[in-house]
Amino acid sequence: MSYLLDKLHNDHKNFAKLLAYIELQLNCIKNCDVVDFETILIAMQYMRDYPDEIHHPLENVIFSYFIEHYDISHEAIKELMHEHEGMPKLTEKIINMLEYVVSETPVNRDEFCEFLTEYLDVQRAHMNSEESEVYPHIYEAMQEDDWKQLQNEIQESNDPLFEQPRDENYRLLLKKITATV
Ligand SMILES: [Fe+2]
Ligand SMILES: [Fe+2]
């Protein structure tokens, strides 16, 4: 059942594409080009709906099990779980700013660019740490029995954007990502 970890690893590849797309939009904002803020808002809503609400909680279940059963008080894992707690707030902050922009309420552009740049940095550093410092240990240590035990605690959900999106907004966003990244 390490396919669960394979799935989370695949999520990271998709998140990287989404972040690259957001970064392209950020560059447009910085260069005062025409910017599709509504699409950035949809991209950030996805960050809330899947990474924050599904992906990280699933990692928390696996990370907690790993620490408990393998007695590895890995500082990196604890730090990552701590970051999971804080991430939804960061996402919400950007979403709120974008909602202001879309509703034509003035937002300080430099401040917005600064927050979004920091957001992209935090997300990428987080994934890099998981991929380089944590996932390899879990792959190596966890056995089939561990994954079977975890099965009861885990409720799997599909990715609403990258796995055959039903929502029209996500369908359009995926097309844009595929065309540009
Ligand atoms: Fe994570
Ligand atoms: Fe992750």
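Start at 1 and go down the list; that is how both ligands and their atoms are numbered. Both backbone and side-chain heavy atoms feed into the values below; hydrogens, waters and symmetry mates do not.
- Under the 3.5 Å distance criterion, the side-chain polar atoms of S64 are left unmatched by any main-chain donor or acceptor of V61.
- Taking backbone and side-chain atoms together, H12 has an N/O/S atom less than 2.8 Å away from the Fe ion (ligand 2).
- Residues Y70 and H137 keep their aromatic ring centres 6.0 Å or farther apart.
- Rounded to the nearest 0.5 angstrom, E92 CD and E99 CD are separated by 7.5 Å.
- Annotation: the span from Q123 atom CD to H12 atom NE2 amounts to 9.5 Å, rounded to 0.5 Å.
- None of the N, O or S atoms belonging to H55 lies under 2.8 Å away from the Fe ion (ligand 1).
- The residues E118 and K93 are annotated as not salt-bridged, no charged nitrogen and carboxylate oxygen being separated by less than 4.0 angstrom.
- Sorting the N, O or S atoms of E59 by how far they are from the Fe ion (ligand 2) puts OE2 first.
- Geometry at the Fe ion (ligand 1): NE2/H126 and NE2/H84 form an angle of 90°, nearest 10 degrees.
- Looking at E130, its N, O or S atom nearest to the Fe ion (ligand 2) turns out to be OE1.
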